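As structure tokens, the structure follows; a few thoughts come after it.
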Amino acid sequence: MTPFTTLSAIAAPMMFDNIDTDAIIPSREMKSTGRTGLAEGLFAGWRYVEGRVPNPDFVLNRPEYAGARIIAGGANFGCGSSREHAVWALAEYGVRCIIAPGFAPIFAANCIRNGLLPLVLPREAVESIAGREVYINLAAQTLTCGDETYSFPIEAEAKDMLLEGLDAIDLTLKSRTAIAAWTHADRTARPWIYL
Amino acid sequence: MALTLPLTLADKIWDAHVTATTPAGSDLVAIDRVFLHERTGASALKSMASAGRPVVDPRRVFAVMDHIVDTRPGRGDKTLMLGGQAFITETRAAAIAAGITLFDVTDPDQGITHVISPELGIVLPGCTLVAPDSHTCTQGALGALAWGIGSSEAEHAMATGVLRLPRPKTMLVRFDGALRPGVTAKDMALALIAAHGAGGGAGHVVEFAGPAVRALDIEARMTLCNMATEFAAMAAIIAPDEKTYAYLAGRRYAPTAFDAPYWTSLHSDEGARFDRTIVIDAAAIAPMITWGTSPEHAIPIDGVVPSGPTRAHDYIGLAPGAAIIGTPIDVAFIGSCTNARLSDLRRAAALVKGRHIAPSIQKALVVPGSGAVKRAAEAEGLDKIFAEAGFEWRESGCSLCFFAGGESFPAGSRSISSTNRNFEGRQGPGIRTHIASPEVVVASAIAGAIADPRDLEPQA
Ligand code: SF4
């Protein structure tokens, strides 16, 4: 996975609340069991009009935001279906970071597992940076826009995973002895779990 | 890191599953059960196979075909979604190769994941269960810590037996008093989300408690927990009681007896500290319905459309100040992991009996939540009651709960639906969805417009 360290880009503004994963990638755009070929379907319901013609009003179809690497969104971003395809579609399109006042938990976890930074800032801060060039430094947990620098929170583990581009499964498998010992004891404690 | 007494139920289950703690402070939490469906299952299993990672304990992993299977009679692998058949055949092949238990299209136990897992006793009080499906929180109604994850996390759980996670925050939502007649668990969920927002529970495990929750039967508890994800919660949980153990006793994968001291420890201790507490008066809840495009856009059925985001008003075609009752509808759907269990169908049938849907309704569907629900409903003659009233009676599956390219209606059609999501396009491009209880769905189907079920007397 590509590590996430710093990023300079324009934050494409999508400042409304509850942008759901059905909107990010409509179910009908999930055409295969693979993880690729999804960028075309990103925001399909909003991005295209009849006959799959780009909708000139949609933010990512405007020249200044085409190929956006950052999206600034409203509260509860990524709510709805757990489909990781939403994050795969964003990543394939080139998005590396979403900035929002809050995220749906499954979506945020999916971002981390795919090298995207779910960056939480207060609503007023997101509104003021939307549509502008920002610089993000993950190690320092700061976002700079014009003369303003904002600090953002992130779980320690998520930060490490992103900075190092780590694969969570490989990392966890290093603890396999501890897990096996726990499971061995648990088989006696809760035999009904082990079918 | 283990906490000290008094503890919440969620914390107790969490602590009992911590196999190790990482230097950054996350826990490696043991996962007792993984459940997959064909929409996301094949990609997780295929990706593991291509990385050469086996499933550590295939006997504790289950898969079912529910999302895009055809629900019309005589179905097979063919589905109405373009390219959908590949999801079914590839999930089957991947499940067989991985050695996990599969409930296939024509299996008598087939059904919606969150309906069949409790039915078969796969989910158990005190266990951890994950599925790459957001409505996995439904299963917390049995006293389990059950939550939805992405495909990568599903791979992680299957390949390692654990998930790496920081301890979640906890929230207590207590419903005091008693529900009024005609008000259901669906209305409790919508009332909570309407009052506290679709992001109100973000990142918390929400424990539902209080007399109005205790009074619910197990199926209604599942309806309540189902919509915790619409509240952005990680999971919902209800402490198990005699009803829970009576429900599970004798189910295929459940233990034969629940007599170990373990089972009696599964409750929040007196004085346990929650990060947040919300108290709701159950008696003040009315039958609810959504007017807009987020579950938080819910109002009492006899209310008026409030002033919300312009985008939502434009999409749904209802102006602020309009009464919601009397809004003409085109489609009526009873189904989904929220409201397609036997008790839901019984209550709906009691209102439908001897009546007929309005001639203006283009389609009215009843899709049972599982094969077992379907058989039980047929044994009671519910299928006939629905058919005589003009509803189609289907095989089980997710059906019209979401649109993958199969059945739909012209843009602008208005649907009244017992499901859990009213997002733009959720039931098809341009479809306007109003979510509500099965009672509201049938009352509206009979009237041809949104109607209050309390105005309909159940017929003898
Ligand atoms: S019934 Fe609807 S919400 Fe439930 S699992 Fe199926 S698609 Fe998801």
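Keep in mind that what you see is a predicted model, and the values were worked out from it rather than measured. Basis for what follows: all heavy atoms, side chains included, without hydrogens, waters or symmetry-related copies. Each chain gets a letter, A, B and so on, in the order the sequences are listed, and its residues count up from 1.
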Checklist entry - Taking the six-membered ring for Trp, are A:F43 and A:F58 parallel (under 30°), tilted (30 to 60°) or perpendicular (over 60°)? => result tilted

Checklist entry - Once the angle between the rings of B:H37 and B:H67 is folded into 0 to 90°, is it parallel (under 30°), tilted (30 to 60°) or perpendicular (over 60°)? => result parallel

Side chain from CB out, backbone as N, CA, C, O: work out which of these in [X] comes under 4.5 Å of a heavy atom of chain B, or both, or neither.
X: A:W182; value: side chain
X: A:F107; value: neither
X: A:E157; value: both
X: A:S32; value: backbone
X: A:D17; value: neither

Item to check | Working for salt bridge (charged side-chain N to carboxylate O under 4.0 Å, His left out), residues B:R421 and A:D20 | outcome: CA-CA 10 Å; B:R421 288 188 174 137; A:D20 61 80; over 6 Å; no

Heavy-atom pairs under 4.5 Å with chain A: which of [options] has the most?
options: B:A232, B:S294, B:G41; value: B:A232
options: B:P23, B:P166, B:G126, B:G201; value: B:P166
options: B:A198, B:G425, B:A202; value: B:A198

With rounding to the nearest 0.5 Å, note down the distance linking [atom1] in [X] to [atom2] in [Y].
X: B:H135; Y: B:H114; atom1: NE2; atom2: NE2; result: 7.5 Å
X: A:R35; Y: A:W88; atom1: CZ; atom2: CH2; result: 4.0 Å
X: B:N420; Y: B:E230; atom1: CG; atom2: CD; result: 4.5 Å
X: A:I98; Y: A:I70; atom1: CD1; atom2: CD1; result: 9.5 Å
X: A:L195; Y: B:T101; atom1: CG; atom2: OG1; result: 8.0 Å
X: A:Y65; Y: A:M14; atom1: OH; atom2: CE; result: 12.0 Å

Checklist entry - Is B:R33 close enough and on-axis enough to B:F62, meaning under 6.0 Å and within 45°, for cation-pi? => result no

Checklist entry - Does B:R311 count as lying over the ring of A:W46, i.e. NZ or CZ under 6.0 Å from the six-ring centre, within 45 degrees of the axis? => result yes

Checklist entry - Do any of residues 108-137 of chain A have a heavy atom less than 4.5 Å from a heavy atom of chain B, and if so, which, in residue order? => result A:N110, A:R113, A:N114

Checklist entry - What parts of residues 146-154 of chain B touch chain A if we use heavy atoms and a cut-off under 4.5 Å? => result B:G148, B:I149, B:G150, B:S151, B:S152, B:E153

